[in-house]
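Each ligand, and each atom within it, is numbered from 1 in the order the structure gives. Since we're looking at a predicted model, the values are computed, not measured. All values below come from the heavy atoms of this structure, side chains included, with hydrogens, waters and symmetry mates left out. When a residue number appears, it is its place in the shown sequence, counting from 1.
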Amino acid sequence: MQHKPNRWQPGKRDILFLALVVTVITVLTLGSTERKTKPLPDDKVHRTTTSRAACMRCHGPDGVRPQPPRHTKDDQCLLCHQQPKGWVGSAR
Ligand code: HEC
Ligand code: HEC
């Protein structure tokens, strides 16, 4: 096959290859969960709560809004849940 320098005509294999690349990128993007889940609501409570213990008073098993049953036991909530804009805690 001969291609002229500036005119690339994608063939079937090129299309397949591109589709593969796009798929891989999509899977990797969706697969990374870092701070991709629900952010904290932007309200007074969530702007001013800075300790896990405080979070868990409402989000523990007996709180008003328990974490989902299979939720991680990980302590660092903000690793995954983005804090609201005016959050009073230290930047993390
Ligand atoms: C005074 C109780 C209270 C405290 C303290 C509290 N929350 Fe919440 N939180 C709620 C309630 C009620 C909701 C659901 C209603 C809403 O969206 O405002 C909620 C919603 C959430 C959501 C999103 C849920 C959704 O459906 O979008 C996340 C994530 C969350 N809280 C995490 C935290 C973290 C992390 C902390 C500690 C920094 C915390 N909360 C402190 C009561 C609390
Ligand atoms: C490793 C990442 C990670 C960490 C750390 C984390 N969460 Fe979550 N959390 C998630 C994911 C993912 C979901 C969504 C689960 C689902 O939809 O079933 C979630 C869901 C929630 C919900 C329910 C939201 C709703 O729809 O009602 C609450 C409340 C919550 N998390 C609170 C917390 C609190 C409080 C902490 C810290 C003690 C915390 N999370 C730490 C990943 C995390």
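Heavy-atom separations between R57 and ligand 1 are all 4.0 Å or longer.
Partners of R57 by salt bridge (charged side-chain N to carboxylate O under 4.0 Å, His left out), not counting sequence neighbours: none found.
Looking at every heavy atom in both residues, D42 comes nearest to P84 through OD1-CB, 3.5 Å. The two residues C55 and C77 make their nearest non-hydrogen contact at SG-SG, 4.1 Å. Across all their heavy atoms, D75 and R52 have their closest contact at OD1-NH1, 3.0 Å. Closest non-hydrogen pair, D74 versus L79, comes out as OD2-CD2, 4.5 Å.
Taking every non-hydrogen atom of C80 and a distance limit under 4.0 Å, the qualifying atoms of ligand 2 come out as 1 (C), 2 (C), 3 (C), 4 (C), 5 (C), 42 (C), 43 (C). Taking a cut-off of under 4.0 Å to the non-hydrogen atoms of R52, the atoms of ligand 2 that pass are 38 (C).
Contacts of L79 with ligand 2, taken as heavy-atom pairs under 4.0 Å, are absent altogether.
In this structure, the protein non-hydrogen atom closest to atom 25 (C) of ligand 1 is K38 CD, 3.6 Å. C77 CB, 3.4 Å is the protein heavy atom nearest to atom 35 (C) of ligand 1. When only non-hydrogen protein atoms are considered, atom 29 (C) of ligand 1 lies nearest to H81 ND1, 3.2 Å. Of the protein's heavy atoms, A54 O, 3.4 Å lies nearest to atom 5 (C) of ligand 1. Nearest to atom 12 (C) of ligand 1 among the protein's heavy atoms is V64 CG2, 4.0 Å. With respect to atom 18 (O) of ligand 1, the closest heavy atom belonging to the protein is D43 OD2, 3.5 Å.
For atom 28 (C) of ligand 2, the nearest non-hydrogen atom from the set Q76, Q67, K73 belongs to Q67.
Under the side chain to side chain contact (heavy atoms under 4.5 Å, CB included) test applied with P39, the options Q82, Q83, K85, H46 reduce to a single match, Q82.
Here L18 contributes atom CG and T23 contributes atom OG1; the two are 10.0 Å apart, rounded to the nearest 0.5 Å.
Between H71 and H81, the ring planes lie parallel to each other; the angle is under 30°, not in the 30° to 60° tilted range.
Nearest N/O/S atom of H71 with respect to atom 8 (Fe) of ligand 2 is recorded as NE2.
Between the side chain of W87 and the main chain of T49, a donor-acceptor pair closer than 3.5 Å is present.
Inside a sphere of radius 2.8 Å centred on atom 8 (Fe) of ligand 1, the protein N/O/S atoms present are H46 NE2, H59 NE2.
In this structure, the side chains of V21 and I25 come closer than 4.5 Å at one or more pairs of heavy atoms.
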